[in-house]
Amino acid sequence: MIQLEALTKVFGDGPDATTVLDHLDFAVPSGQIAAVVGPSGAGKSTLAQCVTLLERPTSGRVVVNGDDLTAFGERDLRVARRRIGTIFQSDGLFARRTAAENVALPLQFLGVTAAESRARVAELLDRVGLAHKAGHYPHQLSGGQRQRIGIARALALRPSVLLSDEATSGLDPDSTATIVALLKELRDELGLSILFITHEMDTVVQIADTVARLDHGRIVESGRIVDLLRDA
Ligand code: ADP
Ligand code: ADP
């Protein structure tokens with residue numbers, strides 16, 4: 001479960017101050033996919049950065065499983081961030097490492113034993129349907145497959161929340177459909193809370209349980225996707 005409470009981000013101060021996120025209230029219950037959709041400049045990237053506290057919110061709270069991350073110092077934050085897996089538009093894979101090695105990286109940083117890591121990586125590759133690509137390098141994979149490896153890596157530390165920042169943007173419709181199906185499977189089987197940030201309304205309709213429309217740093221409309229579609 002992730003809750004954003006009056007989340008606000010102001011860049012600069014005095015006459016140069018720009019309010020990029022303005023008191024956002026928003027929750028992603030466990031086992032749900034909540035989309036935030038909005039045009040370029042709406043504040044989506046800033047939101048993604050604030051949720052992981054890579055950017056400190058000016059005020060408001062980011063609550064993950066009951067803990068307010070904005071109250072944490074850097075050391076506690078490093079640990080707490082493991083609860084949030086992130087995927088981006090760029091898959092962020094290391095070109096000179098195989099799919100399996102890329103997925104194993106977060107485990108290595110934590111000093112998980114080699115045997116445990118191997119087992120975990122095999123399970124994760126299987127989960128994203130790419131067990132047969134373990135030894136392939138990123139350039140030998142399609143964009144959609146690379147994104148699935150990115151998802152496997154994001155799951156390596158068993159997060160309870162998955163943050164997807166434009167993860168399907170730039171993918172062809174088939175690859176997007178595969179990613180959408182995979183994220184729904186993760187929602188249903190692992191009970192993840194998935195915050196799905198995108199500018200693509202088409203994808204929102206396919207994937208989301210609830211949607212919030214962000215414009216100029218404010219949520220201008222929100223609700224269950226079925227209700228919004230009915231009213232549209
Ligand atoms: P989106 O991802 O929806 O395109 P962004 O979060 O990138 O939106 O940007 C939203 C607004 O915040 C834009 O007007 C942008 O210029 C402004 N902005 C983003 N980062 C900064 C910053 N570091 N300093 C000042 N303004 C910023
Ligand atoms: P169990 O509690 O019996 O492990 P789960 O349904 O919780 O059953 O998990 C099934 C499998 O999925 C386990 O192998 C577990 O490691 C993995 N798993 C569970 N939660 C997560 C998560 N949040 N991210 C990645 N993998 C997970």
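Both ligands and their constituent atoms are indexed starting at 1 by order of listing.
Between Asp209 and Arg187, at least one side-chain N (NZ, or NE/NH1/NH2) sits under 4.0 Å from a carboxylate O, which counts as a salt bridge. Between Glu189 and Arg127 a salt bridge is recorded (basic side-chain N to carboxylate O distance below 4.0 Å).
Looking only at distances, a side-chain donor or acceptor of Arg81 sits under 3.5 Å from a matching main-chain atom of Leu53. Although no hydrogens or angles enter the test, the distance criterion places a donor-acceptor pair under 3.5 Å between the side chain of Ser193 and the main chain of Met1.
Judged by distance alone, the side chains of Asp22 and Thr19 never bring a donor and an acceptor atom under 3.5 Å apart.
For ligand 1, the polar-atom distance check against Gly43 finds a nitrogen or oxygen pair separated by under 3.5 Å. Annotation: Thr18 places no N or O atom under 3.5 Å from an N or O atom of ligand 1; distance criterion only.
Closest protein heavy atom to atom 7 (O) of ligand 1: Ser45 OG, 3.4 Å. Scanning all protein heavy atoms for the shortest distance to atom 20 (N) of ligand 1 gives Phe11 CE1, 3.4 Å. From the protein, the heavy atom lying nearest to atom 13 (C) of ligand 1 is Gly41 O, 4.0 Å. For atom 6 (O) of ligand 1, the closest heavy atom belonging to the protein is Thr46 OG1, 2.6 Å.
For the residue pair Leu214 and Gly217, the shortest heavy atom distance occurs at CD1-C, 3.8 Å. Of all the heavy atoms in Pro138 and Leu93, the pair that sits closest is CG-CB, 4.0 Å.
The presence of a protein heavy atom under 4.0 Å from atom 16 (O) of ligand 1 is ruled out.
Within the structure, the closest approach of Gly38 to ligand 1 does not fall below 4.0 Å when heavy atoms are considered. Under the 4.0 angstrom criterion for non-hydrogen atoms, Pro39 is in contact with ligand 1.
Under 4.0 Å from ligand 1, the heavy atoms of Val20 that appear belong solely to its side chain.
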